[in-house]
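Remarks on the structure that follows.
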Amino acid sequence: MVAITLPDGSARQFEAGVSGAQIAEAIGAGLAKAALAVRVDGVMKDLAVTISHDARVEIITRRDEDALELIRHDAAHAMAQAVKELYSDTQVTIGPAIENGFYYDFSRDEPFTPEDLERIEERMHVIVDRDDPITREVWDRDEAVAFFEQAGEHYKAEIIAGIPADEQVSLYRQGDFVDLCRGPHLPSTGKLGKAFKLMKLAGAYWRGDSRNEMLQRIYGTAWAKKKQLDAYLHRLAEAERRDHRRLGRALDLFHIQEEAVGMVFWHPKGWTIYRLLTDYVRRKLSKAGYEEVNTPQLVDRSLWEASGHWEKFREHMFTAESDERILALKPMNCPCHVQIFRQGVKSYRDLPLRMAEFGTCHRYEPSGALHGLMRVRGFTQDDAHIFCTERQITEESKAFCALALEVYGDFGFTDVAVKFADRPPVRAGEDEVWDRAEAALTTAVEATGLDYTANPGEGAFYGPKLEFVLRDAIGREWQCGTLQVDFVLPERLDAAYVGEDGERHRPVMLHRAVLGSIERFIGILIENHSGHLPIWLAPVQVVVATITHDGDDFARQVARTVGAAGMRVALDISNEKIGFKVRLHSVAKIPLLFAIGKREAAEGTVAIRRLGSKDQEILALDEAVARLEKEATPPA
RNA sequence: GCCGGAUUAGCUCAGCUGGUAGAGCAACUGAUUUGUAAUCAGUAGGUCGGCGGUUCGAAUCCGUCAUCCGGCACCA
């Protein structure tokens, strides 16, 4: 007998070898019917798994959070089965559950069409209706390889061949479809339900390597209930509505055109946001002891060879030829900053030296990577390099983390994750140097007291880094800030200072940015706020709109007063009804509308309507300006 | 860069199997003087992404290039 402890704390005795399904049945017929899988001592398993030791057991139903993982994984299998039934010349590869759904990668000579997707989805419904049992089988590895080879499933065979020879593999069978899988799975295809939808077709490289064959990936979404599916589709539509490319056009902020692919034409309103952002950062940096510099756009290739960029990133650099020399548009600012550092003799007394630049860089990004403001070929970073001694790293890192979090807070981002990215497989510098750099950064991040997670192998080629990841209003993550410890570049570019001992020493360089790319950050802000920016960032903060022409004179006076108070204001005295004006300026995301009718003109008041609010507030003009001034002013 | 899809008026889109283009909004003009998310009427606007081909005839079929969109790969 084994003792099974249930989630409510009660324990029951069962014969050893009892299955999850039998336990569910013993609890109740309803639960047995709803059961999808079982959690044994915290580990999710098939319902059919037998238990021969004392254990804590939970029966998993559709209501369970973890049921989604099962449903999505089974949806992937059902899709693969549907594809094999409809297009038998197709080879299956892998198909995992992912956030919000699943995908499966197929190999087939002919491309799938959107119509094929409809057919596949229909067939998946048929498979669910069949309610075939899903059963687990344990095979010998070599037998499994032979089985899939013989079935013409060469990718599957390759995967299994990669498993150690003495290991057994588990296969799952549903109807005529057999797939290699670790499991767990639902007990039958009917339990999958029908809250799924195939979403899109995409290409994907076999084993994620661009040197390999391109497979066809079909993405789907799957949920426990129809309602959840509908809610998800609604969320997608919402995300589309806040797309910064759409809003950028609608709000007349910027555009990009064929003659300058990946480069931004900023319109007056967009450039206002851009200037507000950079002016804000400038004030923050100045307070934090940074000095601003500016460096050349075109620099001879010899500098990039010395820095190591030419070797690693040559294909991603724009170059120009002049006077028989090859120049490169700078892809980053650090080598130029070192050149400024190298002017004159630096003493330990000059350190830490914090050199900032709104550095405009150009990178030849692969065409498929371009995406609105989020991934461009010409962009400006709020970049800075701190030249310091090894002992100053901790203090400077602490100060930087505090600064970064303060800035994010000013933009309303309070959910910020920190990741520690350590040495990548391909890198510059000796391991001994990396040991020191990683140790120094670890000490520094520990000193900040911030929680952080590891991001192994993702460091820059010259040093480890901290990454600051913002979570936006709809839960998406954006990596913005970075802090990188670099022992390599000062060496390569021969930066030195004279220490207390009168000897030459290498400074350490801390590469750091808070917003990252200004262009991208503006894109993130637009999407985070759906274009409804905080008042201090709005290109036009107030529209003064008249109800009839009787209010025109007063409206002009109001606009002058508001403008004189330093707010960005526009006047609307067109021949339109106030309802039309409210709609027009709401759609344009103007945060404040001052309506001026006969009453207001007579009493010297304004009727204030805030974007998104149905109410209005009537205030004397002076009081209105006094009250709104603070909101309209950038944070200190 | 790779796979798939798309490109028609300023924007969003329609145009069936080839017979020389259409709507809504925006714009412009006029009327309307209006109290919180669309007042009415009229006018104008297009080498159908570029080039080449098939055809009596191409927005429509074929090829090619470019750009965009979705993924993949990349991201100093």
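Fair warning: this is a prediction, and the values are worked out from it, not measured in the lab. All values below come from the heavy atoms of this structure, side chains included, with hydrogens, waters and symmetry mates left out. The chains referred to below are lettered A, B, ... by the order of the sequence lines, with proteins before strands, and numbering in each begins at 1.
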Any salt bridge linking A/Glu527 with A/Arg476? Criterion: basic side-chain nitrogen under 4.0 Å from a carboxylate oxygen. yes
Reading RNA chain B 5' to 3', what string of ( ), [ ], | and . shows its pairs, if Watson-Crick and G-U wobble pairs count only when both distances fall under 3.5 Å? (((((((..((((.....[..)))).(((((.......))))).....(((((..]....))))))))))))....
Aromatic A/Phe102 / basic A/Arg72 pairing, under 6.0 angstrom, 45° off normal: no
What is the distance from CZ of A/Arg246 to C1' of B/rC25, rounded to the nearest Å? 14 Å
Protein proximity profile, nucleotides 68-76 of chain B - base contact B, sugar-phosphate-only contact S, no contact -, cut-off 4.0 Å on heavy atoms: SSBBBBBBB
With A/Tyr364, which residues qualify under side chain to side chain donor-acceptor pair (under 3.5 Å), at least two apart? none
Quick one: side chains of residues 512-519 of chain A, donor-acceptor pairs under 3.5 Å with protein atoms, not counting sequence neighbours, listed by atom name and distance.
{"from": "A/Arg512", "atom 1": "NH1", "to": "A/Tyr290", "atom 2": "OH", "distance (Å)": "3.1"}
{"from": "A/Arg512", "atom 1": "NH2", "to": "A/Asp382", "atom 2": "O", "distance (Å)": "3.0"}
{"from": "A/Ser517", "atom 1": "OG", "to": "A/Glu519", "atom 2": "N", "distance (Å)": "3.3"}
{"from": "A/Ser517", "atom 1": "OG", "to": "A/Arg520", "atom 2": "N", "distance (Å)": "3.0"}
{"from": "A/Glu519", "atom 1": "OE1", "to": "A/Thr380", "atom 2": "N", "distance (Å)": "2.9"}

Do you see a donor-acceptor pair shorter than 3.5 Å between the side chains of A/Glu357 and A/His337? yes
Output the rounded distance in Å from CG (A/Asp116) to C1' (B/rC3). 15 Å
Salt bridge (Lys or Arg N to Asp or Glu O under 4.0 Å) involving A/Lys84 - partner list, sequence neighbours excluded: A/Glu153
In whole Å, what separates the C1' atom of B/rA31 from that of B/rU12? 29 Å
How close or far is atom C1' of B/rU67 from atom CE of A/Met263, stated in whole angstroms? 14 Å
Could you pull out all residues at least two apart from A/Arg249 that satisfy salt bridge (Lys or Arg N to Asp or Glu O under 4.0 Å)? none
Side-chain donor/acceptor of A/Glu438 to backbone N/O of A/Arg423, under 3.5 Å: yes
Can you build the contact string for nucleotides 38-48 of chain B? Use B for base contact, S for sugar-phosphate-only contact, and - for no protein heavy atom under 4.0 Å. BB---------
Rounding to an integer number of Å, can you tell me how far A/Asp252 CG sits from B/rA26 P? 16 Å
For RNA chain B, what residues of residues 99-115 of chain A have any heavy atom nearer than 4.0 Å? A/Pro111
What integer distance in Å separates A/Arg249:CZ from B/rC11:C1'? 7 Å
Output all residues satisfying salt bridge (Lys or Arg N to Asp or Glu O under 4.0 Å) with A/Glu118, sequence neighbours left out; order by chain, then residue number. none
Is the terminal nitrogen or CZ of A/Arg108 (NZ for Lys, CZ for Arg) located under 6.0 angstrom from the six-membered ring centre of A/Phe112 and within 45° of that ring's axis? yes
In numerical order, the residues of residues 596-620 of chain A whose heavy atoms come under 4.0 Å of RNA chain B are A/Gly597, A/Lys598, A/Arg599, A/Glu600, A/Ala607, A/Arg609, A/Gln616
What side chain to side chain donor-acceptor pair (under 3.5 Å) pairs are there with at least one residue in residues 590-606 of chain A, not counting sequence neighbours? none
Do A/Glu467 and A/Asn455 meet the criterion of a side-chain donor-acceptor pair at a distance under 3.5 Å? yes
Using the ring centroid of each side chain, check whether A/Tyr462 and A/His511 are separated by less than 6.0 Å. yes
A/Thr546 side chain to A/His549 main-chain N or O, any donor-acceptor pair under 3.5 Å? no
Spacing of the P atoms in B/rG71 and B/rC48 (rounded, Å): 32 Å
A/Ile218 CD1 - B/rG5 P separation (whole Å): 13 Å
How would you list, by chain and number, every residue that makes a salt bridge (Lys or Arg N to Asp or Glu O under 4.0 Å) with A/Arg241, sequence neighbours excluded? A/Glu238
From CD of A/Gln216 over to P of B/rC2, roughly how many Å is that when rounded to an integer? 16 Å
Any side-chain donor near an acceptor of the partner, A/His309 and A/Glu311, under 3.5 Å: no
